[in-house]
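Heads up, the thing below is written out as structure tokens.
Nothing fancy with the numbering, it's 1 onward along the sequence.
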Amino acid sequence: VLSLGSSAASSGQLFACYPLREKDTDLWIHLALGDQARALKSPGIRPHRRFAGKGWVECRVESPGELAQAVHWLRRSYEVVRGLAGQEGR
């Protein structure tokens with residue numbers, strides 16, 4: 001589970017989740033809806049099985065190329081969550 005700091009995690013600011021089982025290779029990433037639409041145009045990214053309506057996607061990570069794509073969307077997700085957490089502190 002990847003979250004932005006303990007205060008953000010307790011306020012629901014989770015931005016990604018990676019399964020712990022060895023055979024699972026899907027990284028779950030929480031994106032803004034506009035980012036989600038762009039990400040879904042990329043190969044290896046699909047809507048999350050349960051939480052697609054809330055901006056979540058599943059990103060397959062099995063090769064270096066897929067890792068680079070995953071890091072791109074992870075950074076985008078982190079930026080959005082960090083911005084939201086900053087707004088809550090105001």
Side-chain angles (χ1 to χ4, degrees):
V1 175
L2 303 172
S3 64
L4 180 64
S6 58
S7 63
S10 65
S11 66
Q13 297 299 324
L14 181 70
F15 70 93
C17 182
Y18 197 80
L20 298 177
R21 295 182 299 207
E22 270 187 58
K23 65 179 183 156
D24 292 338
T25 60
D26 293 337
L27 172 64
W28 301 352
I29 304 172
H30 188 205
L31 297 167
L33 294 178
D35 287 335
Q36 180 192 37
R38 285 186 289 282
L40 290 172
K41 294 177 184 177
S42 303
I45 297 184
R46 63 186 174 279
H48 187 278
R49 290 165 257 188
R50 293 187 206 127
F51 304 116
K54 295 183 179 184
W56 285 87
V57 297
E58 296 180 15
C59 180
R60 183 182 61 234
V61 183
E62 296 177 337
S63 71
E66 291 169 337
L67 179 61
Q69 175 178 254
V71 168
H72 167 78
W73 291 113
L74 274 172
R75 284 185 180 140
R76 184 66 192 130
S77 177
Y78 178 81
E79 290 168 0
V80 170
V81 170
R82 185 179 64 189
L84 292 174
Q87 291 174 4
E88 289 176 358
R90 291 179 188 172

*asked:* To the nearest 0.5 Å, what is the distance between CG on Leu31 and NE2 on His48?
replied: 12.0 Å
*Identify the two heavy atoms, one from Pro47 and one from Leu40, that lie closest to each other, and give their separation to 0.1 Å.*
N-CD2, 3.3 Å
*What distance do Glu58 atom CD and Ile29 atom CD1 have between them, rounded to the nearest 0.5 Å?*
10.5 Å
*Grab the two heavy atoms, one from Gly53 and one from Leu33, that are nearest each other, plus how far apart they are.*
O-CD2, 4.1 Å
*asked:* Between Ser77 and Phe15 (side chain of the first, backbone of the second, donor and acceptor by atom type, cut-off under 3.5 Å), is there such a pair?
replied: yes
*Hey, is the main chain of Ala52 close enough, under 3.5 Å, to the side chain of Gln36 for a donor-acceptor pair?*
yes
*Enter the distance from Cys59:SG to Ile45:CD1 here, rounded to the nearest 0.5 Å.*
4.0 Å
_Chi angles and distances behind the side-chain contact (heavy atoms from CB on, under 4.5 Å) call for Asp35, Glu79_ = CA-CA 12 Å; Asp35 287 335; Glu79 290 168 0; over 6 Å; no
_What's the separation between atom CD in Glu66 and atom OG in Ser42, rounded to the nearest 0.5 Å?_
11.5 Å
*Please report the shortest heavy-atom distance between Val61 and Tyr18, naming the atom on each side.*
O-OH, 4.2 Å
*Please test Arg60 against Asp26 for side-chain contact (heavy atoms from CB on, under 4.5 Å), starting from the C-alpha separation and ending with a verdict.*
CA-CA 4 Å; Arg60 183 182 61 234; Asp26 293 337; 3.9 Å; yes
_ring pair (Phe, Tyr, Trp, His ring centres under 6.0 Å) partner of His30, the single match among Trp73, Tyr78, Trp56_ = Trp56
